[in-house]
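Worksheet: one structure, shown below.
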Number of protein chains: 2
Amino acid sequence: MTKKYKSEALAALHESMQGLHDIGIVPAKTMRRFDSSCLAPIEDMKPEEIVEVRNKAGVSQAVFARYFRVSLGTISKWERGEKHPSGPAITLLNIVKRKGLESIYA
Amino acid sequence: MTKKYKSEALAALHESMQGLHDIGIVPAKTMRRFDSSCLAPIEDMKPEEIVEVRNKAGVSQAVFARYFRVSLGTISKWERGEKHPSGPAITLLNIVKRKGLESIYA
DNA sequence: AATAGTATAGTTCTTAGTGTTATAAATCAA
DNA sequence: TTGATTTATAACACTAAGAACTATACTATT
């Protein structure tokens, strides 16, 4: 659980820094350095997690694929562990997991 | 402007359908079919647009890269038109454009 | 029984993305 | 002015994600 705690702490810290920046205390440059060094590391999604996220959204692989703008085959491969989602795809998966599928609908 | 209007109309329609689904009128299966057929087509981001989105967020290519979980070189190539962002990356770019960089922070 | 939706699976091919290194401009501090 | 840091471009070889296509099979609907 240490890892998760650390991540949450960093998230909270980041929010505070952003607040300080917003009211003009922390300059943009410092903010940039801060961002660069504290952003959470890549937490890759395991195949079962991807299935879980999709099922919780209640959509088929085909629909899921259209939301992510990838092919149907790609979703199938993610879920079977044949291929691993790219960086941006992992980011999207995390967003859907936290905020739901509708939040990524352009 | 026809294209954008159409897209907005579909978005609104989708929202309505989702509402009907939420209150139990439209079954999940119908919802799935609806999703599959009405999701907006891919609107790719031009290099200048990507620069604009990043500048509006007020971050360097390096920081932008970490948010997207891609390498710095990839951002540079997107912005110079040497490489085109993948499907999931385009989705993310659209989210950042509409809702800001913070909204994709995991 | 037939149709349509769903998911797995394999194949070939393209290209996005990585990692590295070099270069050069602008910015800032000593 | 000098030196250090940040910023962005650029070229290289390499890896692997993803596309497109096809086939199979299970399930549910009509």
Side-chain angles (χ1 to χ4, degrees), chain A residues 21 26-39 41-42 44-94 101 104, chain B residues 21 26-39 41-94 101:
Chain A
H21 167 62
V26 177
K29 189 148 196 180
T30 302
M31 206 49 217
R32 284 200 290 273
R33 275 214 212 110
F34 183 75
D35 274 343
S36 183
S37 59
C38 92
L39 275 183
I42 309 138
D44 65 314
M45 279 252 176
K46 292 196 193 331
E48 315 85 51
E49 283 185 85
I50 299 175
V51 177
E52 194 184 327
V53 168
R54 180 173 63 83
N55 283 336
K56 206 162 277 180
V59 296
S60 68
Q61 289 181 340
V63 173
F64 208 61
R66 296 202 58 158
Y67 271 90
F68 279 74
R69 306 204 194 280
V70 294
S71 70
L72 184 143
T74 294
I75 299 293
S76 176
K77 283 163 194 164
W78 288 353
E79 295 189 349
R80 283 175 291 129
E82 191 184 318
K83 288 283 171 72
H84 303 287
S86 65
I90 292 174
T91 306
L92 272 179
L93 282 166
N94 276 297
L101 192 59
I104 72 165
Chain B
H21 168 61
V26 178
K29 191 148 195 178
T30 302
M31 208 48 219
R32 284 200 289 275
R33 275 215 211 113
F34 183 73
D35 274 343
S36 182
S37 59
C38 92
L39 276 184
I42 309 137
E43 40 173 307
D44 65 315
M45 278 254 176
K46 295 199 192 325
E48 316 85 52
E49 282 185 86
I50 299 175
V51 176
E52 193 184 327
V53 168
R54 182 174 61 82
N55 283 335
K56 208 162 274 179
V59 296
S60 68
Q61 289 182 340
V63 172
F64 208 62
R66 295 203 60 159
Y67 272 91
F68 278 75
R69 306 204 195 281
V70 295
S71 69
L72 184 144
T74 294
I75 299 294
S76 176
K77 282 163 194 165
W78 287 354
E79 295 189 349
R80 283 176 291 128
E82 191 184 319
K83 289 283 172 71
H84 303 288
S86 65
I90 292 174
T91 306
L92 273 180
L93 282 166
N94 276 298
L101 192 59

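Chain identifiers are assigned alphabetically (A, B, ...) following the order of the sequence lines, protein sequences preceding nucleic acid strands; residue numbering begins at 1 within each chain.
- Counting heavy atoms from C-beta outward, A/Met45 and A/Asn94 have side chains that approach closer than 4.5 Å.
- The shortest distance between side-chain heavy atoms of A/Val53 and A/Phe64 falls below 4.5 Å.
- Looking at every heavy atom in both residues, A/Pro47 comes nearest to A/Glu79 through CB-O, 3.4 Å.
- Salt-bridge annotation for B/Lys46 and B/Glu48: absent, with no side-chain N of the basic residue lying under 4.0 Å from a carboxylate O of the acidic one.
- Rounded to a whole Å, the CZ atom of A/Arg66 is 13 Å from the P atom of C/dT6.
- Note: CZ (B/Phe64) to P (D/dT9) measures 13 Å, nearest angstrom.
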Base versus backbone protein contacts along nucleotides 7-21 of chain C [heavy-atom cut-off under 4.0 Å; B, S, -] = SBB-B----BBBB--
Check step by step if side chain to side chain contact (heavy atoms under 4.5 Å, CB included) holds for A/Phe68 and A/Leu93.
-> CA-CA 9 Å; A/Phe68 279 74; A/Leu93 282 166; 3.5 Å; yes
